[in-house]
Structure formats: C-alpha cells, structure tokens
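The sequence lines fix the lettering, A, B, ..., with proteins before strands; numbering per chain opens at 1. No experiment lies behind these values; they were computed from the predicted model shown.
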Amino acid sequence: MKIATWNVNSIRTRIEHVTSWLQTNSPDVICLQETKVTDKDFPLEPFINLGYNCYISGQKSYNGVAILSRSPLTQITTGFAPLLGEETAGIFDEQKRLIAGIIDDICIICVYVPNGSEVGSEKYDYKLKWLKLLQEYLKIALDKSPKLCICGDFNIVPDDRDIHNPKANANSVGLSVPERLALTEIIELGLNDPFRKFTSEGGHYSWWDYRAAAFPRNNGWRIDHHYLSFPLYEQAKNCTIDIAPRKLIKPSDHAPVIVEI
DNA sequence: ATGGCAGAACACTTCTGA
C-alpha cells in the first residue's frame, strides 16, 4: 500500500498538478494539506473520476485537509473532539487541520500542524498547544489502532540534517527546542519516521521557499513526514520525496512524500 | 536586518505562509 502526503497550497490552483501526479504514481491513499477551500467548493469530480473516495475538512482561505483513497475509509472523523471531547478540543478544532479514517485495520491521520509564525509569538504558543493536544489524541488513537500512520505537514525540522542551513535558521520557527521536544514526545508514543529507515544523509527536503531561487539552490526544509507505529514501520518497504512536481510551472512550495508498506 | 514569492479575499491592499 502506497500512502502519500502533499501540502498542495490550494487544491483549486493545483488541481492539474495533483490529478496528473495521481495518474503517474497511483498511490492507494493521499493526504492533502492547505486545500484552502470550503467543503462545498472542493473540486471532488476530478478525483472521483480517477477512482478516489474523497474525505474533506476545509475552510475558507486557510488550512484545510483531505484524504483521498482508492478503497473506502470507515470511521471518518475530523478534528480533536472525537477522541479528546469538545471541552478539551475547545477552540483548536476551529481551524481545519486534522482528518482521520480507517482502511483495512490501519488508522490514517492527515495533519496540517500550525506554522507558528515567529518564536515567542501568539501563533507560536498556539502551535505548541496544538502539538500537545495532538500528543494526547495520538495516545488514544494508538490504543484503539495498533496499526497507525499519521502524515502531513508538521512544520517542524526534526534535526539539523533536515534543513540546508541549520545555523542561519537556528532561531527560526520550526527548529526551536520546544517544537522539536513536542515532536520527540509524539514519536516516543511509539512512532517512527520511515524516511529515516532508508536514508540517513541530509540534503533531502520537502519544502522550498518560493523566494530567492530556493529550489534550484536546494535551500530546503524537510517538514512533511510520515510517522508509523511499529507494526507498520517494520513493514515499510521505501519512503521517498518526489521533487518532480516542484519543478513544474506554478508549483506548490511543497513536494509529495510517499511511503510504501 | 530585510526582502524575496504565492494564494485568497469584504481584493488593488492585507494577511498568511516557514
């Protein structure tokens, strides 16, 4: 089974790139982030025509996540509330950043972790709180589903191999100690990054700034990840970043990442 | 230290992204 994740930076703007990529790569499941569209305006038809079942949770202008799957998913849920309760989820479900479902006996969770703006800002504080809720959510999800795959745009650089210039960006959002600690605590629930099962060297990225010719210079960040519970991690056959769509005209600033189990 | 680019919307300017 191939499970892809891709921050598309507007599904309506990227529709040709995404449908073409699906035809070439035919993943069983693709998790999308930053769809930037309300559910009533999501372009379902091109994906249905390609044989995908579509599960979407969007909002106007910002955020928005979706899971497309060749086989139907069951137990679709959105946000934290279904596992954590309305009271704990609170305002954190207002932004559409999480959608989950079950395929076979595998729990698939698609996330768009908040960006955080700047270290120390209000949005940064929101990001850290959101990650703590995600940790609580995953603890429950792993108890229910020993086979679990969470993937998406984590907006965190796991370690210094995962960014072109760690020293110059040491104070940037995405690299701070509290963010990395939050990610470590999530991983310690019993998850592993399959990309690092197969590739140990640096220089592999999933996001490049649109500005300053970052992509041709490979000035990138690896911030789009999969995390697999142990039974799936053991089975993972490969995990790759496909930079081909990043070379197209008017690309997303992120490239898709694919794990094969 | 700043700007550079791209997308969306109560749109020609502002917010957000990382």
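- Residue contacts shown for A:Tyr112 are limited to sugar-phosphate atoms, with no base heavy atom under 4.0 Å away.
- Put simply, NZ on A:Lys36 is 9 Å from P on B:dA9, counting in whole angstrom units.
- The phosphate of B:dA6 has neither OP1 nor OP2 within less than 4.0 Å of any side-chain N or O from A:Asn9.
- Here CG of A:Leu83 is found 11.0 Å from CD of A:Glu136. Values are rounded to the nearest 0.5 Å.
- One can place OH of A:Tyr126 at 19 Å from P of B:dC15, the figure rounded to the nearest angstrom.
- When rounded to the nearest whole Å, the span between OH of A:Tyr62 and P of B:dC10 equals 10 Å.
- If you take CD1 of A:Ile249 and C1' of B:dC5, they are 15 Å apart, rounded to a whole angstrom.
- Ion pairing between A:Glu118 and A:Lys123 fails under the 4.0 Å rule for side-chain N and carboxylate O.
- Within 4.0 Å of A:Asn115, counting heavy atoms only, lies at least one base atom of the nucleic acid.
- With C1' as the reference atom, B:dA18 and B:dC5 are 13 Å apart, rounded to whole Å.
- The side chain of A:Arg97 sits closest to B:dG17 out of B:dG17, B:dG7, B:dA18.
- Atom CG in A:Asp41 sits roughly 13 Å away from atom C1' in B:dA9 (whole-Å rounding).
- The residue A:Asp153 sits close only to the backbone: its heavy atoms come under 4.0 Å of sugar-phosphate atoms, none of a base.
- Contact annotation: A:Arg14 side-chain N/O to B:dG7 OP1/OP2 distance is under 4.0 Å.
- Figure legend: cation-pi geometry between A:Lys197 and A:Tyr233, with NZ or CZ positioned under 6.0 Å from the six-membered ring centre and within 45° of its axis.
- Side-chain proximity of A:Arg12 to B:dA18, B:dC5, B:dA9: nearest is B:dA9.
- Here the separation of B:dA1 from B:dA6, taken at their C1' atoms, is 23 Å to the nearest Å.
- At whole-Å resolution of the value, CG in A:Asn63 and C1' in B:dC15 are 13 Å apart.
- Closest contact between the side chain of A:Trp207 and the listed nucleotides B:dA18, B:dC10, B:dG7 involves B:dA18.
- Using atom C1' as the reference point in both B:dG7 and B:dT2, the two lie 22 Å apart (nearest Å).
- Atom CD1 of residue A:Ile99 and atom OG of residue A:Ser57 lie 5.5 Å apart, to the nearest 0.5 angstrom.
- A:Asp160 and A:Arg180 are joined by a salt bridge, as a carboxylate oxygen and a charged side-chain nitrogen come within less than 4.0 angstrom of each other.
- The P atoms of B:dG4 and B:dA9 are separated by 25 Å, rounded to the nearest whole Å.
- Separating the CG atom of A:Asp253 from the P atom of B:dA18 is a distance of 7 Å, rounded to the nearest angstrom.
- At a threshold of 4.0 angstrom between heavy atoms, the contacts of A:Asp224 with the nucleic acid are absent.
- Annotation: of the two residues near DNA chain B, A:Ala212 and A:Ser10, the 5′-most nearest-nucleotide partner is A:Ala212.
- In terms of phosphate contacts, A:His254 brings no side-chain nitrogen or oxygen within less than 4.0 Å of OP1 or OP2 of B:dG17.
- For the OP1/OP2 pair of B:dC10 and a distance below 4.0 Å, the side-chain nitrogens and oxygens of A:Lys60 include at least one atom meeting the criterion.
- Backbone-only contact: A:Glu34 has heavy atoms under 4.0 Å from sugar-phosphate atoms and none from a base.
- Atom OH of A:Tyr210 is separated from atom C1' of B:dA18 by 12 Å (rounded to the nearest Å).
- The phosphate of B:dA8 (OP1 or OP2) has a side-chain N or O of A:Thr13 nearer than 4.0 angstrom.
- In this structure, CD1 on A:Ile261 lies 12.5 Å from CD on A:Glu234, to the nearest 0.5 angstrom.
- Between B:dA6, B:dT16, B:dA18, one nucleotide has an atom nearer to the side chain of A:Val173 than all others, and that is B:dA18.
- Salt bridge absent: A:Glu201 and A:Arg161 never bring a charged side-chain N and a carboxylate O closer than 4.0 Å.
- Spacing between B:dG17 and B:dG3 at atom C1', rounded to whole Å, works out to 15 Å.
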